[in-house]
Amino acid sequence: QVRLVESRGGLVPPGESLTLSCTASGSRFRINVMGWYRQAPGKERVLVATVDRDAKPIYADSVKGRFTVSRDNAKNTVELQMNNLKPDDTAVYSCYADLVAWYPDRPYDYELWGQGTQVTVSS
């Protein structure tokens, strides 16, 4: 069974930086796309940034130029470096993975989510 474990978010003043990390653990799997989504209070969950195995990123317009997503395929980790944080970035951030796992020898494609971590940007 594959699972995603995220680092903790926190309370950050506007203009400051914060890095989130996420690690996938388990056996016999390969992650295709990995990244982050967020859900602000009263709003739907939306994409923040994802990155494929070739390190090609996709960013939401609202975070371009401020956030950087990166991954380590060997370690099955993804990081989100968030700079110049704004109050509008306040949300629950969830790690996401689109992956293939073998049970026991048959491949299964599915999506996996982390438990979510709160990021609050406020003075």
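Fair warning: this is a prediction, and the values are worked out from it, not measured in the lab. Excluded from the calculations below are hydrogen atoms, water molecules and symmetry mates; all remaining heavy atoms, backbone and side chain alike, are included.
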For the residue pair [X] and [Y], establish whether any side-chain heavy-atom pair is separated by less than 4.5 Å.
X: Glu16; Y: Leu85; value: no
X: Val119; Y: Thr90; value: no
X: Phe67; Y: Leu80; value: yes
X: Leu4; Y: Gln115; value: no
X: Tyr110; Y: Asp98; value: no
X: Ser122; Y: Leu11; value: yes
X: Thr120; Y: Val12; value: no

**OP:** Can you sort out the partners of Tyr37 under ring-ring contact (aromatic ring centres under 6.0 Å, His included), two or more places apart, ordered by chain and number?
**Re:** Tyr96, Trp113
Subject >> Results of ring-ring contact (aromatic ring centres under 6.0 Å, His included) for Trp102 - residues two or more places apart only >> reply: none
Atom pair [atom1] ([X]) and [atom2] ([Y]), whose distance is rounded to the nearest 0.5 Å:
X: Ile58; Y: Thr50; atom1: CD1; atom2: OG1; value: 4.0 Å
X: Tyr59; Y: Trp36; atom1: OH; atom2: CH2; value: 13.5 Å
X: Met34; Y: Leu99; atom1: CE; atom2: CG; value: 9.0 Å
X: Asn32; Y: Asp109; atom1: CG; atom2: CG; value: 7.0 Å

Original post:
So, Glu79 and Thr77: side-chain donor and acceptor under 3.5 Å apart, yes or no?
Top reply: no
Closest contact, heavy atoms only, [X] versus [Y]:
X: Asn84; Y: Arg66; answer: O-NH1, 3.0 Å
X: Val48; Y: Tyr93; answer: CG2-CE2, 4.1 Å
X: Asn83; Y: Ser17; answer: OD1-OG, 2.9 Å
X: Pro57; Y: Val69; answer: CB-CG1, 3.8 Å
X: Ser123; Y: Pro14; answer: N-CD, 3.6 Å
X: Leu47; Y: Ala60; answer: O-CB, 3.4 Å

**OP:** State whether Asp52 and Arg71 are salt-bridged, where the test is any N-O pair (Lys NZ or Arg NE/NH1/NH2 against Asp/Glu carboxylate O) under 4.0 Å.
**Re:** no
Original post:
Are the charged groups of Asp61 and Lys64 less than 4.0 angstrom apart, N to O?
Top reply: yes
Distance-only, no hydrogens or angles: does the [X] side chain make a donor-acceptor pair with backbone N or O of [Y] under 3.5 Å?
X: Asn73; Y: Arg53; value: yes
X: Ser94; Y: Arg38; value: no
X: Thr117; Y: Gly9; value: yes

**OP:** Scan residues 5-110 for pairs that pass disulfide (SG to SG under 2.5 Å), counting only residues two or more places apart or in two chains.
**Re:** Cys22-Cys95
Original post:
Taking atom CD of Glu111 as the centre, does the number of heavy atoms from other residues, nucleotides or ligands within less than 6.0 Å exceed 12?
Top reply: yes
**OP:** Please check if Val92 and Leu18 belong to a single hydrophobic cluster, counting links between Ile, Leu, Val, Met, Phe, Trp and Tyr side chain heavy atoms closer than 4.5 Å.
**Re:** no
